[in-house]
Amino acid sequence: MIELIKQPWHWAVAGVMIGLTVPTLLLIGNKTFGISSSLRHICAACFPANISFFKYDWKKEIWNLFFVVGVLLGGLIASQFLSNPNEFVVNEQTMQDLKALGVKDFSAMMPADIFSIENIFTLKGLIFFVFGGLMVGFGTRYAGGCTSGHAIMGLSNLQLPSLIATISFMVGGFAMTHLIMPLIFKLF
Amino acid sequence: MTKNNIDNTLIEEFVCEAPNNQVKKESFASNIKYLIVGTIFGIVFVKAEIVSWFRIQEMFRLQSFHMYGVIGTAVVVGLISVQIIKRFKVKTFSGETVSIQDKTFNKGQIYGGLIFGLGWAITGACPGPLFAQIGSGFLAITVTFASAVAGTWLYGAFKNKLPH
C-alpha cells in the first residue's frame, strides 16, 4: 500500500480529492474554498498600513490561515515520507523545448538551475521569484481569486465571472510560456 | 463594492472571496480541522506533482493532459457536490444553511487574471502550490511567497486607482 502511495498519483485521484475539498469545507464550517485570500489575511494581520482593503476582522477568516499552514505541512509530509523513489518524468517534447531555452536540470519537480537558493540574488531570482511572485499576488487579488477560488470553487458554483477569470489565467499563462519566456531566457 | 458615507467619504464593504459564513463562533482549537483538510490537500498537491514547474509548463505547452485532468475532474466533482448541497439543502455539521456568495463581474477578473496567468507560468505555482513547494523543501520559494504577499499588498494600496 505504502509503495503505491509513493508513486506519483493519477490525475483522476488528485482531481477527485481536490474537488471534494469544496463540499468538505462547506459542510465542516460553511467555508468557501479559496487560497489566495490567505495572502490578503497575512497583509491585514501584519501590514495593514491603514489601507481600507486590509481593515477588516481577519481573525474571523483565520481558518484560511490554518488551511494554508496545513498545505505547507502536507508538502513536508509528502516530500519527507511519501516521496517517489523513481526518477521524475517530464514529457519528452516539453523537455526538448525547455532544453532549447536553456533549462538544464530535469531531475526534480523544480529545475535546480532556476529555483535554487543561490539564484535569489541574481537576475534569474529577480524574474522568477520576485516578479513572478508579485504577479501571482497582485493578479490573484485583482482577479478576486486564483485557481482554487475561481477555477474550482467558482466554476463548481456555475459563476460566469469565474469562467472569465479562468480563461484569463490561461491566456496569461500561454502568453508567458510562448511569447515572453523565450525572451527572458535570452537574458541568461 | 463602495458607497458614499454621509460626509461623502468612501466606505468600503468588506468582501472576502473565500469567506467564513458560519454564524456560530468557532474556538481557536476547532480551526485544527482546517489544518487537517489543508494537510491532505498539500499531500495531494505534491503526490500528483501539481507543485511541479514542469507540469505547469507541460500544461501551457499542451504537451500533457495531466493538469487538465486534475482541474477538470476537480471541477466536475465540486460541481456535483455543490448541486447536491443546493438541491437537497444539505446543512453544515453545526446545522446551518450552506451559503455561497455569487461572484460579481468586474474587469479586474480579466486584467488581474491575465497578470496572474503570466505569473503562474513563470513561477510554476498558484498560491496553493507556493505553500506546498516551501513545505517540500524548495526554500527559494519563500522569496516568491514574500513577493506574492507584497503583490497582494500593492493591489490593496492601489486598488482605487485601478480599472475595475
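What you are looking at is a predicted structure, and each value in this text was computed from that prediction instead of being measured. A note on names: the letters A, B, ... follow the listed sequences, proteins ahead of strands, and every chain is numbered from 1.
- Under the 30°/60° scheme for interplanar angles, the aromatic rings of B/F41 and A/F67 are found to be tilted.
- Using a 4.5 Å cut-off between heavy atoms, A/I51 contacts chain B through its side chain alone, with no backbone atom that close.
- For A/F47 and B/W153, the ring centers are positioned 6.0 Å apart or more.
- In this structure, chain B has a heavy atom under 4.5 Å from the side chain of A/I120, while its backbone stays farther away.
- Taking CH2 from A/W9 and CZ from B/F45, the interatomic distance works out to 12.5 Å, rounded to the nearest 0.5 Å.
- For the pair B/T152 (side chain) and A/G137 (backbone), a donor-acceptor distance under 3.5 Å is present.
- Aromatic ring centres of A/F115 and B/F138 lie farther apart than the 6.0 Å criterion allows.
- The residue among A/I152, A/V68, A/V16 with the most heavy atom pairs within less than 4.5 Å of chain B is A/V68.
- When A/A143, A/P8, A/A108 are compared by the number of non-hydrogen pairs under 4.5 Å with chain B, A/A143 comes out ahead.
- A/Q159 places a side-chain N or O within donor-acceptor distance of the main-chain N or O of B/K103, the cut-off being under 3.5 Å.
- For the residue pair B/K86 / A/N157, a side-chain donor-acceptor distance below 3.5 Å is found, with atom types taken as modelled.
- A donor-acceptor pair under 3.5 Å links the side-chain atoms of B/K47 to the main chain of A/K6, judged by distance alone.
- In this structure, B/F28 has its ring center closer than 6.0 angstrom to the ring center of A/F66.
- A/W11 and A/L20 fall into different hydrophobic clusters, where Ile, Leu, Val, Met, Phe, Trp and Tyr residues are linked whenever their side-chain heavy atoms come under 4.5 Å apart, directly or through other members.
- Shortest non-hydrogen contact noted between A/T94 and B/R61 is CG2-CD, 4.1 Å.
- Residue contact with chain B, scored on non-hydrogen atoms closer than 4.5 Å, involves the side chain of A/I114 exclusively.
- Residues B/V70 and A/A14 approach most closely at CG2-CB, 4.2 Å, considering heavy atoms.
- Clustering ILVMFWY residues whenever any of their side-chain heavy atoms sit less than 4.5 angstrom apart, transitively, puts B/W53 in a cluster other than the one holding A/V89.
- When A/C146, A/A12, A/A151 are compared by the number of non-hydrogen pairs under 4.5 Å with chain B, A/C146 comes out ahead.
- Nearest heavy atoms, A/G75 versus B/S136: O-OG, 3.6 Å.
- Among B/L130, B/V51, B/T142, B/L114, the residue with the largest count of heavy-atom pairs under 4.5 Å with chain A is B/L114.
- Heavy-atom distances place no part of B/I80 under 4.5 Å from chain A, backbone and side chain included.
- One distance of note links NZ of B/K91 with CG of A/L26; it measures 13.5 Å at 0.5 Å rounding.
- With chain B as the partner, the residue from A/G74, A/G125, A/G149 showing the most heavy-atom pairs under 4.5 Å is A/G74.
- Taking the six-membered ring for Trp, B/Y155 and A/Y142 have ring centres closer than 6.0 Å.
- Heavy atoms of A/N84 lying under 4.5 Å from chain B belong to its backbone as well as its side chain.
- Panel note: side chain B/S52, backbone A/M109; a donor-acceptor pair is recorded below 3.5 Å.
- For A/Q80, no part lies near chain B; criterion is any non-hydrogen pair under 4.5 Å.
- The contact between B/M59 and chain A is made by backbone and side chain atoms together, counting heavy-atom distances below 4.5 Å.
- Test B/N21, B/T92, B/N20 against A/K31 for side chain to side chain donor-acceptor pair (under 3.5 Å) and you get one pass: B/N20.
- The cluster map of Ile, Leu, Val, Met, Phe, Trp and Tyr, joined by side-chain heavy atoms under 4.5 Å apart, puts A/L158 and B/V90 in different clusters.
- Residue A/L65 does not touch chain B at all, counting heavy-atom pairs closer than 4.5 Å.
- Between A/F88 and B/F54, the ring planes lie tilted relative to each other; the angle falls in the 30° to 60° range.
- No donor-acceptor pair under 3.5 Å is formed between the side chain of A/W63 and the backbone N or O of B/Y34.
- The cluster map of Ile, Leu, Val, Met, Phe, Trp and Tyr, joined by side-chain heavy atoms under 4.5 Å apart, puts B/F65 and A/M170 in the same cluster.
- For chain A, the option among B/A125, B/G112, B/S81, B/S30 with the highest count of heavy-atom pairs below 4.5 Å is B/G112.
- A/T177 OG1 to B/E58 CD: the interatomic distance, rounded to the nearest 0.5 Å, is 12.0 Å.
- Across B/I134, B/L162, B/I32, B/L139, the residue that shares the most heavy-atom pairs under 4.5 angstrom with chain A is B/L162.
- Under the 4.0 Å criterion applied to side-chain N and carboxylate O atoms, B/E26 and A/K60 are not assigned as salt-bridge partners.
- Among B/I115, B/T97, B/I36, the residue making the largest number of heavy-atom pairs under 4.5 Å with chain A is B/I115.
- Both the backbone and the side chain of A/V71 come within less than 4.5 Å of a heavy atom in chain B.
- For the set B/G78, B/S94, B/G128, the entry with the most heavy-atom pairs within less than 4.5 Å of chain A is B/G78.
- Heavy-atom pairs under 4.5 Å with chain A were tallied for B/G38, B/G72, B/G119, B/C126; the largest tally goes to B/G38.
- Both the backbone and the side chain of A/T147 have a heavy atom closer than 4.5 Å to some heavy atom of chain B.
- Two different hydrophobic clusters hold A/L183 and A/F128 under the rule that ILVMFWY side chains link at heavy-atom gaps under 4.5 Å.
- For A/I5, the part lying near chain B is the backbone, with the side chain staying farther off; criterion is any non-hydrogen pair under 4.5 Å.
- Counting only distance, with no hydrogens or angles, the side chain of A/H10 and the backbone of B/H66 share no donor-acceptor pair below 3.5 Å.
- Between the side chain of A/N30 and the backbone N or O of B/E96 there is no donor-acceptor pair closer than 3.5 Å.
- Heavy atoms closer than 4.5 Å to chain B are found in both the backbone and the side chain of A/T140.
- Taken from OG in A/S156 to CG in B/L79, the straight-line distance is 6.0 Å, to the nearest 0.5 Å.
- Proximity of a side-chain donor or acceptor of B/Q63 to a complementary backbone N or O of A/N91 within less than 3.5 Å is not detected.
- Only the side chain of A/S162 comes within contact range of chain B, with heavy atoms under 4.5 Å apart.
- Per-residue heavy-atom pair counts under 4.5 Å with chain B were compared for A/I28, A/L155, A/D97, and the maximum is reached by A/I28.
- For the options A/N64, A/D57, A/L98, heavy-atom pairs under 4.5 Å to chain B are most numerous at A/L98.
- Heavy atoms of A/M110 lying under 4.5 Å from chain B belong to its backbone as well as its side chain.
- Using a 4.5 Å cut-off between heavy atoms, A/M153 contacts chain B through its side chain alone, with no backbone atom that close.
- In this structure, chain A has no heavy atom under 4.5 Å from any part of B/I84.
- Within the 4.5 angstrom heavy-atom criterion, only side-chain atoms of B/I85, from C-beta onward, approach chain A.
- Contact of A/S83 with chain B is made through the backbone alone, with heavy-atom distances under 4.5 Å.
- Shown here for B/V77 and A/G19, the closest heavy-atom pair between the two residues is CG1-C, 3.7 Å.
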